[in-house]
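What follows is a single structure, written as structure tokens, with notes after it.
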2 protein chains.
Amino acid sequence: MKRRVTLKDVADAVGVHLSTVSRALDPSSPHRVSSELAERIEQASRALGYRKSSAGYSLKTNSTRMIGVIIPDITDPAFPPIIRGIEDALARRGYVAIVANTDGDARRERDMAMMLRDRGVDGLLLASVEITDDPSREDWRDATPVVTVNRQVFGSDVPSVIADEAAGMDAIVTHLVALGHRNIAAIAGPQHLSTGVLRQRGFLAACAALGIGGSPSVAVARGYREEEGERCTETLLATAPPFTALVCANDRLAVGAITALRRRGLECPDDVAVTGFNDMIMVDRLTPPLTTVRVPKHQMGARAADMIVDLIEGKPGLERSAMLPVDLVVRGSTARVRSTVG
Amino acid sequence: MKRRVTLKDVADAVGVHLSTVSRALDPSSPHRVSSELAERIEQASRALGYRKSSAGYSLKTNSTRMIGVIIPDITDPAFPPIIRGIEDALARRGYVAIVANTDGDARRERDMAMMLRDRGVDGLLLASVEITDDPSREDWRDATPVVTVNRQVFGSDVPSVIADEAAGMDAIVTHLVALGHRNIAAIAGPQHLSTGVLRQRGFLAACAALGIGGSPSVAVARGYREEEGERCTETLLATAPPFTALVCANDRLAVGAITALRRRGLECPDDVAVTGFNDMIMVDRLTPPLTTVRVPKHQMGARAADMIVDLIEGKPGLERSAMLPVDLVVRGSTARVRSTVG
DNA sequence: AAATTCCGTGCAAACGATTGCCACAGATCT
DNA sequence: AGATCTGTGGCAATCGTTTGCACGGAATTT
């Protein structure tokens, strides 16, 4: 059971005071140390195997170089790429992430935020917020920088990093119209999430801009799950006017939609074209492969991570928010509308 | 900028020494405090909003209640459920996870382990090990408990939590044989991973036990990726004797296999039955839905987490390793062999 | 009744690092 | 030549806990 090597140990080895060692080892120290001495200290510290104690560091500096990341569920394929982006960017800057799952429960979100604050995280990345949340009212808000990622709180000044949902929807509708579709229905996402409302708005705006007649029928899902996609499709099939294309607010809804259509004897894309949103893993391996909007998930996470670290370290020239561009990726689930209509 | 509330603050408020407060607030303290006083302290601490400083705690106790988790890539669908299990179990016991990705790079694995050790994690969960690794030789090994999860190091005494790979393969082969298949080929996983060799061994053993003639043809994949599944399938199709069933070492390989078969004009399951392993998300939505082996991913993570916490806290009666039972889940990718053969 | 145990609390020493301040050279300025 | 910098390094306080030890009084034992 060998004791840990401390600043004092290497100081004794070199024959200087431990404060000198501290300064020599800190590249950004205001106080400088002669380069000759710095070299000897460097060597001794390496020889002894010195490693700075993060506990001591944190206690003194009140900084842990840890970021709390709160997401609904790491098991939802939408999040791992974002988290990976966060972790990669944080690692580059000497930080790490602690991620907590809420399962969409607001109470758990509060608990997790408290727990993370207790652990002294330097900042919080929130992928779990709802549009009506008010992170600024929380007691921890004034102490801890917060950035939301993938989602945002409406009417709040909390910085966020999101995708250009409207542009994505516009690309989809444009694509469908180009294929000759005029009767387009939609499954909207949950309206308490910014992705849900932004995509729906984008869809409606695009339809209007392209002159799709009347108001398209949309069913709104209670969650981004395949079963909801199925349920909404059933509803649309039962109550909406006939449609040749079905625009879904995300890939999982689209997967459910295709299942439900097939169950009703309708084939995709021959009978109805279906689109998703997100381009999550595996959707290119479905039958048919899904036409969807690729959102830069890794980049989104990385950007949010950089943003919060900038905030923490007081970097200048930091933008308040970011909206990342998206790409339409056309696959097999969309096709030219059948000439023989109804 | 209000100062943080410390033990001293609540001690002053109550009129006792801070050490007494420390004891009163620690339920497992050896030294007890009169319950009347404890009550007053409890109240004062709540009123003042006292929260223990984890930095101070860590510095003094040399324990961070953090566990490092090293995985290949959180973006691979195999891992999120395991991680979720780890996080859930750790949370129950007051710990958190810091996860690091290696992308299968041994050097990065070392770096990450060092980084985590520097941060003072109390233990390490390794999902990235290769069969020839020797975690016990690492310098950090003697200081930090380690448990491997999902994979294991052969011939090592490092505790591990894995699935019963052999039983899974046996269930698959039995199922196929019951459907009348006699010409079974396989795509094995990477042979530097325990899952790869254990599943291959299991497959071969099951074939032998069930009297499948000769030695089945197997192609070995260089990684658990769809493209490798495609490549191996091409190879088998080109060089192996005809087969009616294709057993894949994991779901992603199976997905690739189905793609490749289809490209050659072979339909699954009509022309060849295909099986996966793992039951990852979405495979039930493929066309056809994949017959596979469900491994208890969440439970596996949770078990590993509990195991390492037990190790850390010196809980008695701890088993060294665990092998979790698996289930065969039959879906549409397997069917009775066509009566008209050849 | 004297001696012993217990119980509840205070005291102070760590744990390991950062950093403002001081001291002391030698160099530079008037 | 005397005064003022400037560059290096030491000192000591501080961050917030935990915990072994001491101590006084009450309760128990003999």
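Just so it is clear, the values below take in all heavy atoms, side chains as well, and ignore hydrogens, waters and symmetry mates. Reminder, nothing fancy here: chain letters follow the sequence lines and each chain counts from 1.
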Under 3.5 Å, side-chain donor or acceptor atoms of residues 74-81 of chain A against the rest of the protein: list the pairs with distances, not counting sequence neighbours.
{"from": "Asp76(A)", "atom 1": "OD1", "to": "Ala78(A)", "atom 2": "N", "distance (Å)": "2.9"}
{"from": "Asp76(A)", "atom 1": "OD2", "to": "Arg252(A)", "atom 2": "NH1", "distance (Å)": "3.2"}

Output a table of donor-acceptor pairs, distance under 3.5 Å, between side-chain atoms of residues 299-308 of chain B and any protein atom two or more places apart or on a different chain; print 'none' if there are none.
{"from": "Arg303(B)", "atom 1": "NH2", "to": "Glu319(B)", "atom 2": "OE2", "distance (Å)": "3.0"}
{"from": "Asp306(B)", "atom 1": "OD1", "to": "Arg93(B)", "atom 2": "NH1", "distance (Å)": "3.2"}

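Taking a 4.0 Å limit (strictly below) on heavy-atom distances, residues 48-61 of chain A reaches DNA chain C at Tyr50(A), Arg51(A), Lys52(A), Ser53(A), Gly56(A), Tyr57(A), Leu59(A), Lys60(A), Thr61(A). Of the residues in residues 10-23 of chain A, those placing a heavy atom less than 4.0 Å from an atom of DNA chain D are Val16(A), His17(A), Ser19(A), Thr20(A), Arg23(A), in numerical order.
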Might you work through the salt bridge (charged side-chain N to carboxylate O under 4.0 Å, His left out) test for Arg92(A) and Asp88(A), ending with a clear yes or no?
CA-CA 6 Å; Arg92(A) 270 196 296 275; Asp88(A) 287 350; 5.8 Å; no
Determine whether Gln152(A) and Ser194(A) satisfy the following criterion, side chain to side chain donor-acceptor pair (under 3.5 Å), listing intermediate values before the conclusion.
CA-CA 6 Å; Gln152(A) 64 182 189; Ser194(A) 65; 5.6 Å; no
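dT17(D) atom P lies 9 Å from atom CG of Leu25(B), rounded to whole Å. Counting to the nearest Å, the P atom of dG16(C) and the NZ atom of Lys8(A) are 12 Å from each other.
With sequence neighbours excluded, the residues satisfying salt bridge (charged side-chain N to carboxylate O under 4.0 Å, His left out) with Glu42(B) are Arg46(B).
A salt bridge links Arg3(A) with Asp9(A): the closest approach of a Lys/Arg side-chain nitrogen to an acidic carboxylate oxygen falls below 4.0 angstrom. Salt-bridge check for Arg84(B) with Asp103(A): passed, with a basic side-chain N closer than 4.0 Å to an acidic carboxylate O.
Side-chain contact check for Tyr224(A) and Thr195(A): at least one donor-acceptor pair (N or O, by modelled atom type) lies under 3.5 Å.
One finds a side-chain N or O of Ser34(B) lying less than 4.0 angstrom from the OP1 or OP2 phosphate oxygen of dT9(C).
Taking the screw axis at each terminus of the helix from dA1(C)-dT30(D) to dT30(C)-dA1(D) from five consecutive base pairs, the angle between the two is 40° to within rounding of 10 degrees.
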